[in-house]
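Here is the structure we will look at, set down as structure tokens.
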There are 2 protein chains.
Amino acid sequence: MKPTVMSLKFTLDLKSGVPFYKQIILQVEMAIADGRLATGEQLPTVRGLAVYLKINPNTVARAYNELEIRGIVTTQQGTGTFISTKEITVSDIEREKILIEITRPFIANARAYGFSLKEVAAYLQSLTDVKETNHA
Amino acid sequence: MKPTVMSLKFTLDLKSGVPFYKQIILQVEMAIADGRLATGEQLPTVRGLAVYLKINPNTVARAYNELEIRGIVTTQQGTGTFISTKEITVSDIEREKILIEITRPFIANARAYGFSLKEVAAYLQSLTDVKETNHA
DNA sequence: CCTAGTGTATTAAAGTATTAGTACAATAGA
DNA sequence: TCTATTGTACTAATACTTTAATACACTAGG
């Protein structure tokens, strides 16, 4: 059975200010993350989802395009859009870039509060010690 | 001696596509993170930096405003903009509370990007190793 | 009180992002 | 091949973002 739009429960928050295509991306990513969409499975068609959400097909297509750029889905004109069978792998360099990006403002903030880098690092380290006893 | 624009080496990349005000925010954050700007120190004045970068004062002001919203700087009309000094006279317990408060969203963010706590802690640790060789 | 220096508010121009309308193109299967 | 189904391209309308011009308001020091 083909995955239906309904089974994925797509919704749009019109008041959030978040662009429709970004909301779609987010919901696809979440559906993959919690297993509602498995690798190889077909996404709702561009038109099908567009009709269901009462938006233009191009908006859905844009979401799918960005997901393809990120390597999350594969699209085939005339056939459909599918969850990539490949693992989502960003390069180590890309990954480090992201880590730097999100860490920088945190460190700036911590220092603004009078914490030294060393102190913050030690705290983070102490947290890992705690967590390790819980699970993986 | 008041901190000068020159001593912080502000620059704008006109071709990057990154908004000027975001570039300024980034450079202030980095200056704090690596110790070139300490708590209590004054940032370049809105006008001073605007003239130096050949942009409108409002653009600098916008950067400073966002930094204030993030709690990184404090502005006083007629006086200047300063790196926040929120540290004073809090107990160790209060201090740890603050650290937990500011660390929690950071960890949440990092995990949302697929980084494990261990991984983040290790990265922070690696940063301290570098910085320690420089100064306090 | 005045003045030089500081940040702020208002408005407008230009660029960019977002979405939709419409038409086109590729694929699979009868 | 034919046709229904799939994604795509192009264009334009609208809203948002970014920056600047200009004028205003607060503060410290003489």
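Note that the structure is a prediction, hence the values are computed from the model and not measured. Below, each value reflects all heavy atoms present in this structure, side chains not excepted, and no hydrogens, waters or symmetry copies.
Between the base of dG5(C) and the side chain of Arg47(B) there is no donor-acceptor pair shorter than 3.5 Å.
Contacts with DNA chain C (heavy atom under 4.0 Å) in residues 57-68 of chain A: Asn58(A), Thr59(A), Arg62(A), listed by number. Near-neighbour residues of DNA chain D inside residues 14-23 of chain B, defined by a heavy atom below 4.0 Å, number-ordered: Pro19(B), Phe20(B), Tyr21(B), Lys22(B).
In this view, Ala31(B) and Leu8(B), Arg36(B), Leu37(B) satisfy the side chain to side chain contact (heavy atoms under 4.5 Å, CB included) rule, not counting sequence neighbours. Partners of Tyr123(A) by side chain to side chain donor-acceptor pair (under 3.5 Å), not counting sequence neighbours: none found. Residues passing the salt bridge (charged side-chain N to carboxylate O under 4.0 Å, His left out) test with Lys22(A): none are found, sequence neighbours excluded. The side chain to side chain contact (heavy atoms under 4.5 Å, CB included) check on Gln77(A) picks up nothing, with sequence neighbours excluded. Residues forming a salt bridge (charged side-chain N to carboxylate O under 4.0 Å, His left out) with Glu68(B) (at least two apart in sequence, or on another chain): none. Qualifying salt bridge (charged side-chain N to carboxylate O under 4.0 Å, His left out) partners for Arg47(B), counting only residues two or more places apart in sequence or in other chains: none.
Within the structure, salt bridge (charged side-chain N to carboxylate O under 4.0 Å, His left out) pairs that include any residue of residues 48-59 of chain A do not occur (at least two apart or interchain). Applying the salt bridge (charged side-chain N to carboxylate O under 4.0 Å, His left out) test to pairs two or more places apart or on separate chains, those with a residue in residues 101-110 of chain A are Glu101(A)-Arg104(A).
Note on the helix from dC1(C)-dG30(D) to dA30(C)-dT1(D): terminal axis deviation equals 20°, with five pairs used at each end and the result rounded to 10°.
Between the C1' atom of dT22(C) and the CD1 atom of Ile55(A) lies a distance of 17 Å, rounded to the nearest Å. The nearest whole Å value for the distance from the CG atom in Asn56(B) to the P atom in dT11(C) is 16 Å. With rounding to whole Å, Lys54(A) atom NZ is found 17 Å from dT19(C) atom P.
Looking at Gln23(B), its side chain does come within 3.5 Å of a backbone N or O of Val18(B) through a donor-acceptor pair. Gln27(A) places a side-chain N or O within 3.5 Å of a backbone atom of Thr11(A) that can act as its donor or acceptor partner. Looking at Ser84(B), its side chain does come within 3.5 Å of a backbone N or O of Ile72(B) through a donor-acceptor pair.
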Give each protein N/O atom lying under 3.5 Å from an N/O atom of nucleotides 26-30 of chain D, with the pair distance.
from	atom 1	to	atom 2	distance (Å)
dC26(D)	O4'	Gln77(B)	NE2	3.3

